[in-house]
Each structure stands twice: as C-alpha cells, then as structure tokens.
Amino acid sequence: MRRPIVAGNWKMHGTRAENERLIEGILEGYPAESHAACLVCPPFVYLQDVGRQLRDSPIQLGAQNVSAEAQGAFTGEVSAAMLKDVGCEYTLVGHSERRLLYRENDQQVARKFAAAQAKGLIPILCVGEQLAEREANHTQDVVARQLDAVLELCGVKSLGQAVVAYEPVWAIGTGRTATREQAQEVHAFIRNRIAAADARIAAETRILYGGSCKASNAAELFAMPDVDGGLIGGASLKAEEFLAIVRAF
Ligand code: PEP
C-alpha cells in the first residue's frame, strides 16, 4: 500500500509574512484525517521559520535542492546535514529548473540523491522530458536515462527510501497539464523500469506527477493506478487550492 504524497514546491516565492499566512491557512483547513501525506518545500532561508510553524502538525518540511558535497569550501551551497539540522525530512533533487537553468546533469543529480540519503533525507527525484523530446518520441529514453543515473550510482534498493516525481517540462508552470493517460503511461514506464531491477521496491515506490497540477485536475490524475500524488508548484502558494489538492485523494 503506497501512501500518496502531496508536496508543495514554493520555488523562489514568498516573504516571511506571506509564508506565515500561507501556513496558517493550510493548517486551518487541513483535514483531520488526510489519506495523503503532505509536505512543503520553501526557499532555504525560510526553512526554519516554516518548520517552527509546522511543529506538531502533520505537514512535513522539504528543501528544493541540496549540495552533492558533504561540507567544505563550496560557497553558496547547502548540505544535506544542514537541511536535516533545520528539520527537513525531504529534498527535491534534479528539478527541471535546476537541470535546465543551472545545468545540473544526471550524474550530479545522482550524487545529490546519494548525499541526501547519506544524511537521512528522503530525496524526491524529479525526471521528465522537454517538449521537443516528447515530440521526437524520446520521452522514455530521457526518463530512463535520468532514472538509470541514480540506479547506477545508488542501486535499486536506494529507491526504497526515496520518491520519484515525473514532471514533463512542457507542463511545468505553463498551465498545460499532461493528460491522465499521458501521465499514467510514463508512471507505468518508470515503475516497470524499477521492477526490472526489483519488483518489490517498484511496487512500493511513490511516483508523483508534477506539471500544472491544480484543484481542478488533481482528482483525475490521482485516480490513475501509478500516480501516487503530486508535486505542486504554483497551486501550492494558495492555501485553499493546495488543500483542495490534498483532499483530492
Ligand atoms: C514544479 O515546479 O515542480 C511544478 C510542478 O510547477 P507547476 O505546478 O507550477 O507547474
């Protein structure tokens, strides 16, 4: 039984006051018994504030990125140990904005995944194709390559303590959502690829969908058999909208 997850990726948005209001709103309307687990990923500088506000709540804390290095002279980087120290339980790795805007390659992402796990963080490994890659029928090749980099460095057992997020790049922040059939097809492909190495791990791995997921389309996406939740960008910045997604399970 895979417990679904709804994760909010706040990206580079918010102020202390706005974050406080957002968390207040989410906590006020949070269902007494939520089927889905829930976490939010604020910018680094707000992790501690938000973590304090979430204390004793069912909502967990995640980071948006993590260094591949453990410690040392890496100006501007934040280590997995530091994230753990301020209360994070999860971290995104390989978000498409990191891959595309900051040129993170598959091997660097795999090292970040390993660094996160080494300190007890649960990595949420983001994979997904760009529009041109989908149009050229390369979706599966791209997703397989991104996934395989982690399997090669960390082994299939590592996915037992991780989450995968399928995020077609053409759907992120564009308002254009993958159809539930498109999402299911890639999610099933990911699960089968993991199953080729370990069927039990594959059956247990949560695979989230991300890409313009919102209150109005969450339920139909989440109804698909291999969609185990959502990684939510824009819609996680409004309490009511985010709560409606959490309640979509
Ligand atoms: C994301 O950034 O991971 C994301 C899915 O964004 P959006 O929901 O805004 O498309």
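Note: hydrogens, waters and symmetry copies are ignored here, and every other heavy atom, side chains too, is used. We count ligands from 1, going down the list as the structure has it; atoms in each ligand are counted the same way. Since we're looking at a predicted model, the values are computed, not measured.
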(request) Enumerate the atoms of ligand 1 whose separation from the nearest heavy atom of Leu231 is less than 4.0 angstrom. (result) 3 (O), 5 (C)
(message) Out of all atoms in ligand 1, which are within 4.0 Å of some heavy atom of Asn9? Include the element for each.
(response) 1 (C), 2 (O), 3 (O)
Under 3.5 Å, which donor-acceptor pairs link side chains of residues 24-32 to any protein atom two or more places apart or in another chain?
none

(message) Looking at every non-hydrogen atom in both residues, tell me the closest pair between Leu39 and Phe242 and how far apart they are.
(response) O-CZ, 4.0 Å
(request) Search all heavy atoms of Ile245 against all heavy atoms of Ala235 and return the closest pair with its distance. (result) CD1-CB, 3.9 Å
(request) Report, in ascending order of atom number, the atoms of ligand 1 lying under 4.0 Å from any heavy atom of Gly173. (result) 7 (P), 9 (O), 10 (O)
(request) Identify which of Gln64, Glu97, His95 has a heavy atom lying nearest to atom 1 (C) of ligand 1. (result) His95
(request) Please test Arg16 against Glu20 for salt bridge (Lys or Arg N to Asp or Glu O under 4.0 Å), starting from the C-alpha separation and ending with a verdict. (result) CA-CA 6 Å; Arg16 294 176 82 182; Glu20 208 177 308; over 6 Å; no
(message) Could you identify the single nearest non-hydrogen protein atom to atom 8 (O) of ligand 1 and state the distance to 0.1 Å?
(response) Gly233 N, 2.9 Å
(request) Would you mind running through ligand 1 and noting each atom that sits below 4.0 Å from a heavy atom of Gly234? (result) 7 (P), 8 (O), 9 (O)
(message) Between ligand 1 and Gly211, is the shortest N or O to N or O distance under 3.5 Å?
(response) no
(request) Consider ligand 1: state whether an atom of it lies below 4.0 angstrom from any non-hydrogen atom of Cys126. (result) no
(request) Output yes when Asp49 and Arg52 qualify as a salt bridge under the 4.0 Å nitrogen-oxygen rule, no when they do not. (result) yes
(message) For a quick test of reading the model, state the closest non-hydrogen atom pair linking Gln107 to Ala149 and the distance between them.
(response) NE2-CB, 4.3 Å
(request) Nearest heavy atom to atom 5 (C) of ligand 1 wins, so pick from Lys11, Lys214, Glu167, Arg176. (result) Glu167
(request) Answer yes when Asp228 and Arg3 have at least one side-chain N-carboxylate O distance shorter than 4.0 Å, and no when they do not. (result) no
(message) I need the atoms of ligand 1 closer than 4.0 Å to a non-hydrogen atom of Ala171, numbered in the order shown.
(response) 10 (O)
(request) Classify the ring geometry between Phe222 and Phe249 as parallel (under 30°), tilted (30 to 60°) or perpendicular (over 60°). (result) parallel
(request) Of the side chain and backbone of Ala165, name the one, both, or neither that has a heavy atom under 4.0 Å from an atom of ligand 1. (result) neither
(request) Consider ligand 1: state whether an atom of it lies below 4.0 angstrom from any non-hydrogen atom of Ala235. (result) no
(request) Answer yes or no: does an N/O atom from Ser212 fall short of 3.5 Å to an N/O atom of ligand 1? (result) yes
(request) May I ask you to test the Val186-Arg134 pair for a side-chain heavy-atom distance under 4.5 Å? (result) yes
